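Please read the structure below before turning to the comments.
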Amino acid sequence: MAWIREIEYLRGFSALAVIAVHISMNFTLIPAVNLLALLNVFVYIAAHFAVPVFIFISGWVLAARYSGEYSGPVYYRRRARAVLPPYLLFTALYLLVPVEGAIRFAGVPALDAVASALFLGTAAYHLWFFAVIIQLYVLYPLIVRGYDVFDRAGAALFLLLALLFFQVLWNVGAHAIGAFAGAEWYTVLIRLFPSHLFYFVLGIHVARYTDRFRSVLRSLSPTRVIAAAGAGALLVGGMWAATVLLSGGFSGATLGVFCVYRILEPLYYVPVIVALVLAAWRLEAGSILSAASRSFGEHSFGIYLIHPFAIAAGASLWFSLTGFSWADWLTYPVIFAAAVLVSYAVVRVLSGVPYAGWLVGESRVRRGPG
């Protein structure tokens, strides 16, 4: 078994960012466009690197584990076992017990809601990720063969640049079609695999050239990498904060703002990936923080699945005990800390239950036949 030592840390960073996104998005419940609202707009946008990093990790892990000759049926059986049971279980749970706003029992859902939830991941605000990753899992054998054709021709970097350009066009087009043909078109198009294909193939490329990737990163100045990632965060987050400030709300953004954001976001996410790998190396030096970070990353899959319950329950309890709301400054750090700790604790306990091993992330990979 070969260990990709950066993976657990990257997963942990991404899980923290996901929780930050889903807490900061409550800026829409702040009555006025004030400093608190603008700060949370910034966090909401800047932390959106989470899903691209998760998809990058998926490409890296799959290409490291399934390269050369491997059994297709075994691959599909393992992927289905890893993702379908938790996706179906939590889709059912979130349909029955919605977590947007207060937790409540919604009753038996209509058939059209079930169909939408299964195919588009609409049962809860975070399950759309599964709609994308399942497609990438299904298509991985074809994607990796296509990558290998370019790689053997010495054109892997050309392929990555072409995919970056194609992905940007796809996502910009999704916004444009949604604006003119109806929002339901955007909902579908942004959940199709081309919307994140570049990050997945980037992970495959890093798996093929892991030693070279690490060597190049060691030659980079950490200060410059952090500066590049920070500048990207200021650019995309500041752009959206300015839009909300000038238009009086998130809904006031024009099609042009969405399109510019889609063009800029991968130019921000790539330096973030590099910065997170450098941070992982720093943590790996060994400390209590290192062990805690790795453990959090190992349980990130389960944390991703259940954290909306922790956010909704924590917010309800906090509001009832204090009388505060999403318009109060203290709410955000308190709910974030509670969601992180409760989600981790619950998943840590459940991961020891028989048949609940899928709650632990897959970071140790086998090279060679699956």
Side-chain angles (χ1 to χ4, degrees), residues 6-27 29 36 39-54 57 86 90 93-94 97 99-103 124-127 129-130 229 233 237 272 275-276 279-280 282-284 287-322 324-326 328-353 356 358-363:
E6 297 90 351
I7 294 297
E8 290 126 332
Y9 298 106
L10 293 181
R11 283 178 168 153
F13 296 147
S14 298
L16 289 172
V18 164
I19 295 173
V21 166
H22 295 148
I23 290 175
S24 61
M25 70 181 186
N26 290 288
F27 73 86
L29 302 178
L36 178 61
L39 176 62
N40 279 285
V41 170
F42 178 86
V43 172
Y44 175 72
I45 295 298
H48 258 83
F49 65 81
V51 166
V53 173
F54 274 130
I57 291 168
F90 279 87
L93 284 176
Y94 285 114
V97 187
V99 290
E100 296 189 32
I103 293 180
Y125 50 72
H126 66 309
L127 292 181
F129 166 75
F130 286 87
V272 167
L276 294 181
R282 182 63 61 90
L283 281 173
E284 197 188 2
S287 65
I288 296 177
L289 182 60
S290 173
S293 299
R294 284 173 54 184
S295 181
F296 192 82
E298 288 170 356
H299 296 84
S300 61
F301 185 57
I303 291 168
Y304 187 93
L305 286 166
I306 72 164
H307 76 274
F309 281 122
I311 292 173
S316 296
L317 182 61
W318 173 253
F319 297 156
S320 65
L321 291 177
T322 65
F324 288 170
S325 71
W326 289 112
D328 293 288
W329 282 84
L330 193 57
T331 293
Y332 292 87
V334 168
I335 301 303
F336 177 79
V340 168
L341 294 174
V342 170
S343 298
Y344 172 74
V346 170
V347 174
R348 186 69 184 266
V349 170
L350 291 178
S351 64
V353 175
W358 46 265
L359 287 169
V360 180
E362 179 185 50
S363 54

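Sequence positions, counted from 1, serve as the residue numbers for this chain. Keep in mind it's a predicted model, so treat the numbers as computed, not measured.
Judged purely by atom type and a 3.5 angstrom limit, Ser351 uses its side chain to pair as donor or acceptor with the backbone of Arg348. Although no hydrogens or angles enter the test, the distance criterion places no donor-acceptor pair under 3.5 Å between the side chain of Ser300 and the main chain of Gly12. With hydrogens and angles disregarded, a donor-acceptor distance shorter than 3.5 Å links the side chain of Ser320 to the backbone of Leu317.
Contact record, Val347 with Gly302: CG2-C, 3.4 Å, taken as the closest heavy-atom pair. The minimum heavy-atom distance linking Phe319 with Phe324 is given by the pair CD2-O, 3.0 Å. Summarising the geometry of Ile306 relative to Tyr94, their closest heavy-atom pair is CA-OH, 3.7 Å, with the distance given to 0.1 Å. The heavy-atom pair separating Ser325 from Thr331 by the smallest distance is O-OG1, 2.7 Å. Nearest heavy-atom pair across Tyr344 and Ser295 is OH-OG, 2.5 Å. When all heavy atoms of Ser14 and Ala50 are compared, the closest pair comes out as O-CB, 3.4 Å.
Considering only heavy atoms from C-beta on, Ile303 stays 4.5 Å or farther from Val18 through its side chain. Contact annotation: the side chain of Ser24 never approaches that of Phe42 to less than 4.5 Å [non-hydrogen atoms, C-beta and beyond]. Considering only heavy atoms from C-beta on, Phe27 stays 4.5 Å or farther from Val43 through its side chain. Looking at Leu16 and Phe296, their side chains come closer than 4.5 Å, going by heavy atoms from C-beta outward. In this structure, the side chains of Val21 and Tyr125 stay at 4.5 Å or more apart for every pair of heavy atoms. Side-chain contact between Phe49 and Leu276 is present, with at least one heavy-atom pair separated by less than 4.5 Å. Leu283 is listed as a side-chain neighbour of Phe13, based on a closest heavy-atom distance under 4.5 Å.
Under the 3.5 Å distance criterion, with hydrogens and angles disregarded, no donor-acceptor pair is assigned to the side chains of His22 and His126.
Between the CD1 atom of Ile103 and the OG atom of Ser316 there is a distance of 6.0 Å, given to the nearest 0.5 Å. Here the OG atom belonging to Ser293 is positioned 11.5 Å from the CD atom belonging to Glu284, to the nearest 0.5 angstrom. Atom CD1 of Ile335 and atom CD1 of Ile23 lie 7.0 Å apart (nearest 0.5 Å). In this structure, Arg11 CZ and Glu298 CD are separated by 9.5 Å, a value rounded to the nearest 0.5 Å. The distance from the CZ atom of Phe309 to the NE2 atom of His307 is 11.0 Å, given to the nearest 0.5 Å.
The aromatic ring centres of Tyr304 and Phe129 sit less than 6.0 Å apart. Taking the centre of each ring, Trp326 and Tyr332 come in below the 6.0 Å mark.
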